[in-house]
Number of protein chains: 2
Amino acid sequence: MAGRGRPRTKGPSLSGSTEQDILDAGADLFCTAGFGSVSTYRLAKAAGISQATLYHYFANKHEVLLALLLQTVRPSIVMAERIAGENGLPPRERLRRLCAYDADLLATSPRNLGALYLLPEVADEALSPFRAERDRLVGAYRALVGQCLPDAPEPEHEAVADLVFGLVESVILCRQRAGGAPMPAGTGDRIAEAALRIVGR
Amino acid sequence: MAGRGRPRTKGPSLSGSTEQDILDAGADLFCTAGFGSVSTYRLAKAAGISQATLYHYFANKHEVLLALLLQTVRPSIVMAERIAGENGLPPRERLRRLCAYDADLLATSPRNLGALYLLPEVADEALSPFRAERDRLVGAYRALVGQCLPDAPEPEHEAVADLVFGLVESVILCRQRAGGAPMPAGTGDRIAEAALRIVGR
DNA sequence: GTCTATACATAGATAGAC
DNA sequence: GTCTATCTATGTATAGAC
């Protein structure tokens, strides 16, 4: 699927394949200007190709966003399922690690990629594969919170997990208010500590 | 500025002035479909007027969003400055009330209006009046958190206030994941309690 | 105050040369 | 694999009748 036959000796790209150039441009533009506000022309120009060439790599504009969303959320899912399986650690410690990992990803990535999750356009039918992945991640948080609060009823698990997940994702909002700049190292750990205080005990 | 001379005997609107109809339509469409993805034609149609009539009430599309944002954030600002002045109450109690008020507004409004705050297009220059108001609100949270933690240094205040503000606003994300439906009554109080646990003591 | 008509620009997507 | 050229639809905004 990647642009293997792409010229390597010249061109505006220094960073990788043309496909990745498009994704990088999308990451930049979609989370700073919005999806509907960015034209395929502007997107292609930022990627250093013509508007038409975009359609050699992606069937349409939504597919660009979908690829971007999946590429962004995947590391969190992998880590969540890895941590979920580490039965040697107590649930609170596993929840702490998951929160710290996700919050750190969101806080320190060069661009505020998490802002992509907040685009209203994500509700579009074409992006349902991403929403399904996202639901898996939320499910992992719920399961871990449930193990931390074995005596509480099910709906209580969900409500607390929503608070925890919300707190982790609130770094996206914080960055957005600050113009998108990365947050200081240690932010992830700080948020994980706050999350555990919400869970209680 | 409101449509005083508007016909009252007939028309597609049941709820108020035409200007407010436009704002209602914008509230609905902008936070479910996005700003750039909604055309003025679609906006006008949802408000029950022709596309051209929109321009009798607003100079352009950005002005619709600006009015909507200001109208949405104003109650929070008014409450924040009222609570800030109630010196009879201890800081923690004032912070608790502010969090509960804001979180409740965000959680129970018929539409998920807070999602407007998250639109990337809010960074546009034309919307700077809103961002200024928003900064006042964040300032109120910082001041209150500072009073709750008188022994902590200044940057610590900011970091904790960001967590608290983020937790309050995370109800926007929670609603968004749930398709925009309102959250149960009591959500605001629950979030305020969690916020105080983050502040500590 | 609301409309139809329209100007004019830009949108997304395709065709076909190289 | 990339481009220019282009199609067709849709975008924002204005003009002017009623």
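All values below come from the heavy atoms of this structure, side chains included, with hydrogens, waters and symmetry mates left out. Chain letters run A, B, ... following the sequence lines, proteins first and then strands; every chain starts at 1.
Close to C:dT2, at under 4.0 Å from its OP1 or OP2, lies a side-chain N or O of B:T18. The side chain of B:Y55 contributes no N or O atom lying less than 4.0 Å from OP1 or OP2 of D:dA15. Using a 4.0 Å cut-off, some side-chain N or O of B:H56 falls inside it from OP1 or OP2 of C:dG1. Considering only side-chain N and O atoms, B:S39 lies under 4.0 angstrom from the phosphate OP1 or OP2 of D:dG11. At the phosphate of C:dC3, OP1 or OP2 sits under 4.0 Å from a side-chain N or O atom of B:T53.
A salt bridge links A:R177 with B:E169; the closest basic N to acidic carboxylate O contact falls under 4.0 Å. The existence of a salt bridge linking A:R97 and A:E93 is confirmed by a sub-4.0 Å separation between a basic side-chain nitrogen and an acidic carboxylate oxygen.
We find that CZ of B:R42 is positioned 13 Å from C1' of D:dG11, with the value rounded to whole Å. Atom C1' of nucleotide C:dG1 and atom CD1 of B:I22 are separated by 11 Å, given to the nearest angstrom. Summarising the geometry, the separation between CD on B:Q51 and P on D:dA15 is reported as 14 Å, rounded to the nearest angstrom. Distance A:L54 CG to C:dA11 P: 13 Å, rounded to the nearest Å. If you take OH of A:Y41 and C1' of C:dT14, they are 18 Å apart, rounded to a whole angstrom.
Residues from residues 58-66 of chain A that place a heavy atom under 4.0 Å from any atom of DNA chain C, listed by number: A:N60, A:K61.
Under a 3.5 Å cut-off, the side chain of A:H157 and the backbone N or O of A:L149 do form a donor-acceptor pair. A distance-only check finds no donor-acceptor pair linking the side chain of A:R142 to the backbone of A:V160 [under 3.5 Å].
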Can A:Y141 and A:D162 be said to form a side chain to side chain donor-acceptor pair (under 3.5 Å), step by step? CA-CA 8 Å; A:Y141 274 83; A:D162 281 350; over 6 Å; no
Is there a side chain to side chain donor-acceptor pair (under 3.5 Å) between B:R92 and B:Q147 once you walk through the steps? CA-CA 8 Å; B:R92 279 179 67 86; B:Q147 291 177 39; over 6 Å; no
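For the pairing with B:E81, the salt bridge (charged side-chain N to carboxylate O under 4.0 Å, His left out) check across B:R74, B:R136, B:R94 returns one residue only, B:R136.
Comparing C:dT2, D:dG1, C:dT14 by their closest approach to the side chain of A:Y57 singles out D:dG1.
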